[in-house]
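Below is one structure; the comments refer to it alone.
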Amino acid sequence: MTVRVRFAPSPTGYLHIGGARTALYNYLFAKSKGGTYILRIEDTDLERSKKEYEELQIADLKWLGIEHNEGPDVGGPYGPYRQSERLPIYKTHAEKLIEKGHAYYCFCTPEELEAKKEIAVRESRVPQYDGKCRNIKFEEAQNRISSGGPASIRFKAPHKAYVFMDGVRDRVVFPEGMVGDFVIMRSNGLPVYNYCCVIDDWLMKITHVIRAEEHLPNTLRQLMLYEAFEVRPPEFAHVSLLIGKDRQKLSKRHGATSVAQYKEESYLPEAMCNYLCLLGWSHPGEVDIFKKTDLVGVFGIERFQKAAAMFDLEKLQWVNGQHIKAMNAQELILKAKEFIPTDSPFHRQSVEWQEKCLDLFKSQIHFFKDFETHIAEIFSREVVENEKLVEINSWETTPQIRQYLKEEIKKLKDSGVTFVNELQINQWTEHIKGELKIKGKPLFMGMRGVLTGRDHGPELKFLIPLTPIEILADRI
RNA sequence: GCUCCCAUCGUCUAGCCCGGUCUAGGACAUCGCCUUUUCACGGCGGUAACAGGGGUUCGAAUCCCCUUGGGAGUACCA
């Protein structure tokens with residue numbers, strides 16, 4: 001039997017990093033098992049679902065490189081993949097359930113239900129449906145419906161315990177009486193999550209359900225439904241939750257929680273996947289930097305952590321930095337086109353210049369946008385007047401260096417040179433050492449201060465050849 | 001309230017299933033040193049954890065029980 005997994009988001013907002021992690025796990029599992037990964041849109045909550053969110057989420061998933069084999073936009077043999085387009089299917093199966101005596105029409109009003117619930121809570125009882133409509137005869141129900149009475153469909157919850165084996169939690173037991181008869185079709189004709197989830201997973205031939213732990217209690221209702229349909233349930237694996245600094249389920253108040261925000265901040269999609277993957281799963285070789293393709297054949301549900309994982313921005317940044325460092329010149333240039341603003345002087349330089357520049361700074365940044373600040377420094381004509389620089393300028397040797405370099409740069413500039421080369425810098429250094437008799441700290445720091453206008457930065461022999469000579473002249 | 005789930009450095013985790021090799025390993029962060037006549041990168045090293053209590057056992061991070069703490073769910077949301 002080939003593995004079939006799915007990620008089933010509801011289009012009620014942006015793609016959350018928790019959702020991205022779940023999607024990633026499903027995708028990785030499919031890839032590792034040579035299976036199929038399906039995207040299903042759960043849009044039965046009409047009030048909150050929006051088409052634009054669906055598109056946004058698909059775009060974010062695509063950006064992360066998590067591409068589905070079947071889904072609303074690419075089709076597939078078990079469509080439609082949007083629940084709002086599967087309404088007749090849910091209806092038919094609900095009717096079958098009624099025929100088989102597993103479900104019934106319920107005419108209780110929301111107000112009535114709410115009142116009963118309140119009483120139950122006050123009497124500290126578990127608020128469960130009391131089964132008021134359970135014994136209404138089918139014919140009577142039909143009559144009430146045809147005369148316009150709004151009805152929902154309730155499933156008769158069996159009174160027994162349920163046990164299943166979870167890929168992460170092992171043996172999970174739900175004791176008897178945890179849930180009362182629950183609604184599967186709302187009175188407005190739309191199905192309820194736990195119900196359509198079962199229908200879809202069954203009809204789409206899903207073999208493994210990998211989802212967040214918050215769904216664990218839902219599994220009980222779903223197990224009941226599978227049983228009523230006489231269908232073997234899929235394998236379940238409930239992955240630990242993602243939590244924030246306060247140990248609560250990760251949500252908007254913890255800062256950037258949507259994938260799009262990280263995309264915007266120039267994080268690399270591979271780095272995001274890498275980090276997200278490590279939040280609750282561990283590599284058997286204790287490797288911590290990898291690409292999705294490295295995980296084929298390695299990823300499996302045996303190495304999930306049961307406890308919740310805290311999202312740590314600092315480590316994400318480190319992982320992102322590691323991915324940048326591992327990039328070669330071509331990859332860097334490609335990404336630079338994407339992330340460095342079009343008005344940056346970066347884009348006006350030669351390819352050779354760009355390669356050298358990116359290579360020079362790639363080991364000291366955490367994310368791509370950091371390149372911008374370094375590039376801005378190269379092209380900055382201003383001289384930073386901080387304490388250290390004032391000190392450098394106060395040395396009696398510094399004016400000599402300035403005078404010498406000023407003349408040298410003018411000479412080169414007048415002869416049409418636009419960039420100084422490394423050789424030239426060595427010659428300057430030798431001259432200052434030999435003729436001006438300046439050496440050690442005054443020599444190097446003096447040159448740095450005079451040429452860059454700053455007290456720190458990369459090695460001069462790499463940095464100066466990247467700086468246009470006219471800018472050097474201006475600074476001096 | 002009720003039901004379910006969870007518990008190793010500040011954080012992510014290895015080890016747990018199949019007790020001894022664990023004076024508990026790695027990574028992020030942090031601190032120190034080296035390297036770099038700067039900053040970073042890099043290298044080396046330090047601080048830092050088996051929630052508590054009972055069992056079982058010659059021996060427990062590992063198996064069992066209790067306590068405590070944390071989390072999730074409790075909808076005609078997903």
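Lettering of chains follows the sequences in order, A, B, ..., and the numbering in each one begins at 1.
Using atom P as the reference point in both B:rU21 and B:rG59, the two lie 15 Å apart (nearest Å). Using C1' as the reference atom, B:rG42 and B:rC4 are 49 Å apart when rounded to the nearest Å. Between the C1' atoms of B:rG10 and B:rC17, the separation comes to 30 Å (whole Å). B:rC12 and B:rG54 have their C1' atoms separated by 32 Å, given to the nearest Å. B:rU11 and B:rU30 have their P atoms separated by 16 Å, with the value rounded to a whole Å. The same atom, P, is picked in B:rG55 and in B:rA72; the two are 35 Å apart, to the nearest Å. A distance of about 28 Å separates the C1' atoms of B:rU8 and B:rU3, rounded to the whole Å. With C1' as the reference atom, B:rC63 and B:rC16 are 10 Å apart, rounded to whole Å.
Base-pair partner of B:rG73: B:rC2 (Watson-Crick or G-U wobble, both distances under 3.5 Å). Partner assigned to B:rC16 is none, using Watson-Crick or G-U wobble distances below 3.5 angstrom. Both distances falling under 3.5 Å, in either a Watson-Crick or a G-U wobble arrangement, place B:rC63 opposite B:rG55. Base pairing analysis places B:rU68 opposite B:rA7; the two distances defining the Watson-Crick or G-U wobble pair are each below 3.5 Å. A 3.5 Å limit on both hydrogen-bonding distances identifies no Watson-Crick or G-U partner for B:rU23. Across all strands shown, B:rG46 is found opposite B:rU30 as a Watson-Crick or G-U wobble partner, with both distances under 3.5 Å. Pair assignment for B:rU37 gives none, since no Watson-Crick or G-U wobble pairing has each distance under 3.5 Å.
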Where protein sits on nucleotides 23-44 of chain B, one letter per nucleotide: B base, S sugar-phosphate only, - none, heavy atoms under 4.0 Å
--BSBSS-------BBBSSS--

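As a whole-Å value, the separation of A:L278 CG from B:rC12 P is 12 Å. Atom CZ of A:F290 and atom P of B:rU13 are 12 Å apart (whole Å). Distance CZ (A:R40) to P (B:rA78): 12 Å, rounded to an integer number of Å. Put simply, CD on A:E118 is 18 Å from P on B:rU74, counting in whole angstrom units. Across the protein-nucleic acid pair, A:L250 atom CG and B:rC12 atom P stand 12 Å apart, rounded to whole Å. The distance between atom CD of A:E47 and atom C1' of B:rC76, rounded to the nearest whole Å, is 11 Å. When the P atom of B:rG71 is taken as reference, atom CG of A:L216 falls 17 Å away, rounded to whole Å. The interatomic distance linking A:L113 (CG) with B:rC77 (P) rounds to 11 Å, in whole Å.
A distance of 6.0 Å or more separates the ring centres of A:F371 and A:F361. Between A:F339 and A:F368, the ring centre distance stays below 6.0 Å. In this structure, the ring of A:F311 has its center no less than 6.0 angstrom from the ring center of A:H254. The ring of A:W281 has its center closer than 6.0 angstrom to the ring center of A:F299.
Closest contact between the side chain of A:A307 and the listed nucleotides B:rC76, B:rA7, B:rA78 involves B:rA7. Listed nucleotides B:rC5, B:rA78, B:rC76 differ in distance to A:R169; the shortest reach to its side chain belongs to B:rC5. Comparing atom distances between the A:P127 side chain and each of B:rA75, B:rA72, B:rC76 picks out B:rA75 as nearest. Of the candidate nucleotides B:rC12, B:rA78, B:rA72, B:rA72 has the atom lying nearest to any side-chain atom of A:Q248.
Looking at heavy-atom distances under 4.0 Å, A:K245 makes no contact with the nucleic acid at all. Heavy atoms of A:S187 sit under 4.0 angstrom from at least one base atom. Counting non-hydrogen atoms under 4.0 angstrom, A:G177 reaches nothing in the nucleic acid. Within the nucleic acid shown, A:V173 comes within 4.0 Å of sugar-phosphate atoms alone, with no base atom in reach, counting heavy atoms only. Contact annotation for A:C108: base contact, defined as any heavy-atom pair under 4.0 Å involving a base atom. Within the 4.0 angstrom heavy-atom criterion, no nucleotide atom of any strand lies near A:R454. If you check every strand for non-hydrogen atoms under 4.0 Å, A:D170 touches nothing. Within the 4.0 angstrom heavy-atom criterion, no nucleotide atom of any strand lies near A:H238.
For the pair A:R247 and A:A151, nearest-nucleotide mapping onto RNA chain B gives the more 5' position to A:R247.
The side chain of A:Q305 places no N or O atom within less than 4.0 Å of a non-bridging phosphate oxygen (OP1 or OP2) of B:rC12. At the phosphate of B:rA78, neither OP1 nor OP2 sits under 4.0 Å from any side-chain N or O atom of A:T12. For the OP1/OP2 pair of B:rA7 and a distance below 4.0 Å, the side-chain nitrogens and oxygens of A:K306 include no atom meeting the criterion. One finds a side-chain N or O of A:R303 lying less than 4.0 angstrom from the OP1 or OP2 phosphate oxygen of B:rG15. Phosphate proximity of B:rA78 to A:R186: present, with a side-chain N or O under 4.0 Å from OP1 or OP2.
Side-chain atoms of A:E70 and A:Y37 form no donor-acceptor pair, as typed in the model, at a separation below 3.5 Å.
In this structure, A:R169 contributes its side chain and A:H238 its backbone to a donor-acceptor pair below 3.5 Å.
A heavy-atom distance below 4.5 Å is found between the side chains of A:M224 and A:V179.
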Determine, step by step, whether A:T257 and A:S251 satisfy the side chain to side chain contact (heavy atoms under 4.5 Å, CB included) criterion, reporting the C-alpha distance in whole Å, the side-chain angles of both residues, the deciding distance to 0.1 Å, and the verdict.
CA-CA 7 Å; A:T257 53; A:S251 69; 5.8 Å; no

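Using a 4.0 Å cut-off between a side-chain N of Lys or Arg and a carboxylate O of Asp or Glu, A:R40 and A:E42 qualify as a salt bridge. Between A:D130 and A:K116 there is a salt bridge, since at least one side-chain N of the basic residue sits less than 4.0 Å from a carboxylate O of the acidic one.
Applying the ring pair (Phe, Tyr, Trp, His ring centres under 6.0 Å) test to residues at least two apart or on different chains, the pairs with a partner in residues 181-202 of chain A are A:H93-A:W202, A:F155-A:F182, A:Y193-A:H215, A:W202-A:F229.
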